[in-house]
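Structure first, commentary second.
To find a chain, count down the sequence lines: A is the first, B the second, and so on, and within it residues start at 1. These values consider heavy atoms only, across backbone and side chains, with no hydrogens, waters or symmetry-generated copies.
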Amino acid sequence: MTQTRKYWLMKSEPSAFSIDDLMNAPARTTCWDGVRNYQARNFMRDMAIGDQVLFYHSNADPPAVVGIAEIVKTAYPDPTQFDKKDTHYDPQSERSSPRWDMVDIRHVRRFSRPLTLDQLRRETKLKKMVLLRKGSRLSVQPVSPKEWEHILSLD
DNA sequence: GCCAACGTTGGC
DNA sequence: GCCAACGTTGGC
């Protein structure tokens, strides 16, 4: 019986956390904390173990999809929301009903070269990608199976 | 419920 | 550093 895997894209500024950081992390795994956008949070709540993730470097030179990760732990409360010293502290979040979740992701592989935003924009088949929509800022977003396959074919 | 003000994201 | 696009907040 085959389970339908879903596909996602997650953004990170490489100066804060890059795909190399993920590769070098213990068990090549990290928790994805700090998401403070409801739409992005809801997408994380939709994620299942084994879902595949495009790892995107934002605010980078050049901005690019740089590799693949996968979900190894489904959504659970992000502890930084309760940490007064953390930049992502949210005084309005109650411990009894945490507002913000995170997931754990594990490194799968890095692409042979970055697939730059510029390059992706030139791909007709990717026209509708959330990433490429004007003004799109979502840090966690869905990727369709066709978009996924096409992107992998570019590597 | 409207909307102005503000803060953030992220490409350039 | 600039700024367009977007999300959130809060006064009314």
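Distance A:L138 CG to B:dT8 C1': 13 Å, rounded to the nearest Å. In this entry the distance linking CG of A:N42 with P of C:dG7 reads 13 Å, nearest Å. A:H57 places its NE2 atom 17 Å from the P atom of B:dC12, with the value rounded to the nearest Å. Note: CG (A:L132) to P (B:dG10) measures 14 Å, nearest angstrom. Rounded to an integer number of Å, the gap from A:N37 CG to C:dT9 P is 11 Å. Here C:dA5 presents its C1' atom at 15 Å from CG of A:L131, a figure rounded to the nearest Å. Separating the CD atom of A:Q39 from the C1' atom of C:dG7 is a distance of 10 Å, rounded to the nearest angstrom. C:dG10 atom C1' lies 11 Å from atom CD of A:Q92, rounded to whole Å.
Between A:R106 and A:I71 there is no side-chain heavy-atom pair separated by less than 4.5 Å.
Atom CZ in A:R28 sits 12.5 Å away from atom CZ in A:R109 (nearest 0.5 Å).
Using bins of under 30°, 30° to 60° and over 60° for the plane-to-plane angle, the ring pair A:W32/A:F55 lands in the perpendicular bin.
Remark: A:D78 engages A:R36 in a salt bridge, criterion side-chain N to carboxylate O under 4.0 Å. Here A:K6 pairs with A:D51 in a salt bridge; the nearest charged N to carboxylate O distance falls below 4.0 Å. Salt bridge A:R113/A:D155: absent, no basic N to carboxylate O contact under 4.0 Å.
Summary of the strand contacts: A:R99 and A:N59 both lie near DNA chain C, and taking for each the nucleotide with the nearest heavy atom, the more 5' one is attributed to A:N59.
For the pair A:K134 and C:dA5, the criterion of a side-chain N or O lying under 4.0 Å from OP1 or OP2 is met. A:K11 has no side-chain polar atom (N or O) that falls below the 4.0 Å cut-off from OP1 or OP2 of B:dT9. Contact annotation: A:Y56 reaches the phosphate of B:dG11 (side-chain N/O to OP1 or OP2, under 4.0 Å).
For a distance-only test at 3.5 Å, the side chain of A:R137 qualifies as a donor-acceptor partner of the base of B:dT8.
The hydrophobic clustering, which links ILVMFWY residues whose side-chain heavy atoms are closer than 4.5 Å, places A:V108 and A:V65 together.
DNA chain C is contacted by no residue of residues 114-129 of chain A, taking any non-hydrogen atom closer than 4.0 Å.
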